[in-house]
Amino acid sequence: MFFEKISDEWKKSIEDGLKEILSCVDFPAITRTVPPKSELGDIAFPLFPYSRIARKAPDKIGEDLLSYFSSHEHPEGEMNVTGGYFNVKIDVRSFFAPLFAFVKEKGDEYGKNESMKDKKIMLEFSCPNTNKPLHLGHMRNDSLGEAVSAILKANGADVMKVNLINNRGIHISKSMLSYKEFGNGETPESTGEKGDHFVGRYYVLFANWEKQVNKEIDELRKDGREEEAKALEENHPDKRAQEMLRLWENGDKETLELWKKMNDWTISGLMESYEDTGISFDRIYYESDTYKLGKSEVLKGLEEGIFEREEDGSVQIDLKEINLDKKVLLRKDGTTIYITQDLGTAIKRHEDWAFDSLIYVVASEQAYHFKVLFYILKKLGYPWADGLRHLSYGMVNLPEGKMKSREGTVVDADDLVHELSELAKKEIYDKERENVLENVEETAHSIAISALNYYLLSVSPSKDMIFDPKKSISFSGNTGPYLEYMSARISSILRKAGERKEGFDPHLLTVEDEKTLIKLIDSYPSVVKEAGENLDPSLIASFLYDMAKTFSHYYHDNTVLGKDKDLMNARLCLSEAVLITMKNAFSLLKIPYLEAM
RNA sequence: GCGUUCUUAGCUCAGCUGGACAGAGCGUCGGACUUCGAAUCCGCAGGUCGUAGGUUCGAAUCCUACAGGACGCGCCA
């Protein structure tokens with residue numbers, strides 16, 4: 001904001017100065033950087049690129065600029081030339097009074113901007129299956145979805161969060177069949193399990209069952225009992241699941257009833273998890289409603305000659321334009337596949353809500369799918385296809401490698417949240433904070449959520465990340481709870497200060513950390529903007545850590561609530577601005593703000 | 001085989017629209033609570049920025065090749 005403005009003015013002035021010194025207009029663009037040491041200044045302009053044109057050493061050009069400015073107007077700031085750089089030192093206190101007034105007036109709104117005003121952005125994330133509970137992989141997806149949506153909103157966009165629940169298909173039939181076979185009529189109510197875990201258990205049971213049958217078949221074959229092996233093969237769980245899917249698609253009443261019952265169990269469990277971790281959606285789509293969409297679109301494209309019908313009857317598109325092979329869009333029996341459905345779903349969504357942009361938050365393993373999907377939609381002539389984007393993120397792995405459900409290494413979301421909450425609770429009792437807190441359970445839960453969200457969001461989305469369940473759940477160092485702790489401390493200081501008089505003298509703030517904090521507060525809106533442009537919450541995370549660390553260093557060495565009332569007042573204003581900024585950044589990363597912890 | 005992507009300290013990660021000696025956290029070791037909350041702070045040690053070239057006044061950052069890892073290239077989703 002203020003600093004940026006001054007910096008821009010300096011850039012312009014230096015450009016003018018260089019024009020005169022170099023006596024030409026055509027020279028490399030002026031770049032800015034930050035000096036390595038604060039004593040050198042706040043903005044640095046490298047002069048090396050002009051050395052050749054001027055046939056002078058960079059420092060000499062700097063000297064020329066200094067003498068140029070001695071006779072020309074220049075923005076505020078002290079100048080010096082060192083090591084080929086033209087440095088400017090700015091007294092940031094000069095704008096802290098208006099900055100503070102602005103931050104205070106904006107409050108929760110500080111940091112918001114209108115760079116994406118009038119943009120309608122739909123964001124798809126989560127997309128769980130209804131055959132098992134959420135795991136750590138989903139959590140990265142959900143955290144990213146929520147954070148990106150909050151960041152886009154902060155940039156002024158109109159955001160709609162959507163979820164597509166995969167509630168049909170062979171994997172769903174498997175858990176249904178397994179329940180039918182082994183369920184004995186038990187229900188989540190009768191066993192006291194959460195619905196998604198209940199159904200997930202039957203899905204695992206199916207996998208074991210399948211393994212068992214395969215083993216039996218092998219053994220029969222080994223004994224030469226081919227007839228019996230064949231009989232068993234005929235009745236293989238896989239085959240029966242396929243049959244069940246056919247029944248489902250044909251609308252078999254009994255199958256549909258079972259499907260509906262089990263789906264409701266899972267979905268209510270998933271919703272509970274969402275609620276627990278602060279995930280919400282503006283609209284939920286169900287695959288059972290959308291899976292037939294897209295077929296007519298493909299047939300239309302076929303008529304228009306965009307797609308081709310192969311000899312075997314399937315419909316395909318040739319992707320040589322984007323250096324890929326052919327891709328099937330309709331099976332030879334005329335049924336749709338995954339990408340066909342996604343085509344239809346995208347079109348339906350645009351009919352439902354005419355977005356400018358649709359962002360899919362999906363793991364990087366599906367990059368190919370989205371490349372093809374976007375290409376086809378563009379081919380079909382949808383102008384909004386240019387606004388489609390795949391926010392691709394890396395895998396969450398364990399120190400031993402990939403999470404594998406077969407090996408039981410999948411980190412369950414509910415378990416993880418529970419475990420973290422328990423740890424936080426233990427911490428609270430260890431520190432004997434239980435009497436200070438209004439609600440220990442709630443506070444512990446908030447701490448758990450902050451730890452998770454911050455951990456998952458502080459890594460750049462595109463990168464794979466490693467989650468070590470033992471080490472990753474620490475609450476000290478660069479963690480969510482650390483940030484919460486800092487903000488709670490500031491809030492505690494402000495509470496202790498009580499009422500204070502209007503106005504303050506920013507020039508009393510002479511400590512280096514104070515200067516750094518003012519610059520950080522001032523830069524927050526542009527960080528929000530950058531995070532929005534790059535769809536990258538980790539930028540907010542880095543910002544928050546910088547701010548918290550600077551403040552904690554600052555108030556460790558300096559007393560805010562001192563005897564000098566004027567100094568105290570100035571420092572309180574600074575602390576308050578820091579707190580407002582941190583709180584706003586918290587809300588973008590879904591880190592709960594705690595008055596006390 | 002082709003494509004996408006990643007490789008920075010013992011570990012987990014920042015830094016990447018090129019700029020002044022490469023930064024944190026964890027872990028190790030050592031300090032700091034009669035003083036605004038020690039979930040904190042300070043210090044020590046720890047790095048050929050995967051390798052080799054190239055572009056440039058200047059490269060962790062851009063380009064190329066190579067090595068290693070991950071993911072993809074289904075009429076699965």
Side-chain angles (χ1 to χ4, degrees), chain A residues 31-37 40 44-52 58 82-85 87 127 129 166 168-171 287 291 310 312-316 323-325 327-342 363-369 371-372 392 394-395 397 399 401-402 424 427-428 430-431 433 436 447 455 458-460 462-468 471-472 474-479 481-486 488-497 538-539 541-542 545-546 549 552-562 568 571-572 575 596-597:
Chain A
T31 52
R32 268 175 293 197
T33 176
V34 181
K37 281 181 185 167
L40 293 169
F45 296 92
L47 300 171
F48 313 100
Y50 315 104
S51 186
R52 185 179 288 170
T82 0
Y85 291 86
N87 297 321
C127 304
N129 290 328
N166 302 306
R168 63 161 289 283
I170 190 70
H171 51 300
E287 199 198 343
Y291 81 106
E310 301 293 303
D312 62 7
S314 66
V315 177
Q316 309 200 3
N323 289 323
L324 294 170
D325 247 346
K327 172 79 188 169
V328 173
L329 301 177
L330 282 180
R331 294 189 185 97
K332 58 189 167 204
D333 64 6
T335 54
T336 63
I337 60 169
Y338 179 43
I339 195 156
T340 328
Q341 301 166 26
D342 253 3
S364 58
E365 51 196 1
Q366 293 198 39
Y368 164 81
H369 170 77
K371 192 174 175 188
V372 175
S392 160
M395 311 280 274
N397 295 319
K402 256 185 114 159
E427 197 84 6
I428 289 168
D430 284 353
K431 295 180 198 308
R433 298 283 299 164
V436 189
I447 291 167
Y455 187 85
S458 57
V459 177
S460 301
S462 67
K463 288 197 178 179
D464 286 353
M465 64 189 288
I466 293 182
F467 185 89
D468 185 337
K471 290 184 189 160
S472 304
S474 144
F475 293 155
S476 51
N478 187 354
T479 63
Y482 170 75
L483 301 175
E484 285 186 315
Y485 178 70
M486 281 309 138
R489 292 280 313 262
I490 300 172
S491 136
S492 164
I493 293 171
L494 294 174
R495 265 198 310 276
K496 286 211 162 88
S538 74
L539 300 175
S542 301
Y545 183 65
D546 266 358
K549 193 166 165 56
S552 77
H553 178 261
Y554 166 62
Y555 86 146
H556 188 267
D557 295 347
N558 301 279
T559 313
V560 176
L561 301 174
M568 176 174 98
R571 288 184 169 173
L572 282 169
S575 306
M597 63 186 279

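Each chain gets a letter, A, B and so on, in the order the sequences are listed, and its residues count up from 1.
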In dot-bracket form, 5' to 3', how is RNA chain B paired? Count Watson-Crick and G-U wobble pairs only if both distances fall under 3.5 Å, and write | where the partner sits on another strand. (((((((..((((.....[...))))..((((.......))))......(((((..]....))))))))))))....
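The side chain of A:Ser552 approaches B:rC41 more closely than any other nucleotide in the set B:rC36, B:rC41, B:rC57. In the set B:rA77, B:rC41, B:rG72, B:rC41 carries the atom at the smallest distance from any side-chain atom of A:His556. Here the side chain of A:Lys402 is nearest to one of B:rA14, B:rC71, B:rA77, namely B:rC71. When distances are taken from the side chain of A:Tyr368 to each of B:rU40, B:rC73, B:rA14, the shortest belongs to B:rC73. Comparing B:rU40, B:rA14, B:rC76 against the side chain of A:Ser476 picks out B:rU40 as the nearest.
Contact check, A:Lys327 against B:rG74: no side-chain N or O comes under 4.0 Å of OP1 or OP2.
Among the heavy atoms of the strands lying under 4.0 Å from A:Met597 is at least one base atom, whether or not backbone atoms are also near. Across all strands, A:Arg52 comes closer than 4.0 Å only to sugar-phosphate atoms, never to a base (heavy-atom distances). If you check every strand for non-hydrogen atoms under 4.0 Å, A:Lys371 touches nothing.
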Which pairs, protein N/O on one side and nucleotides 9-13 of chain B N/O on the other, fall under 3.5 Å?
unit_1, atom_1, unit_2, atom_2, d
B:rC13, OP1, A:Ile466, N, 2.5

At a cut-off of 3.5 Å, list every protein nitrogen or oxygen paired with a nitrogen or oxygen from nucleotides 58-65 of chain B, distance to 0.1 Å.
none

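With hydrogens and angles left out, the side-chain atoms of A:Tyr555 and A:Arg489 include a donor and acceptor closer than 3.5 Å.
Looking at which nucleotide of RNA chain B each of A:Ile170 and A:Asn397 is closest to, the 5′-most match is held by A:Asn397.
In this structure, B:rC42 is classed as anti because its glycosidic torsion departs from zero by more than 90°.
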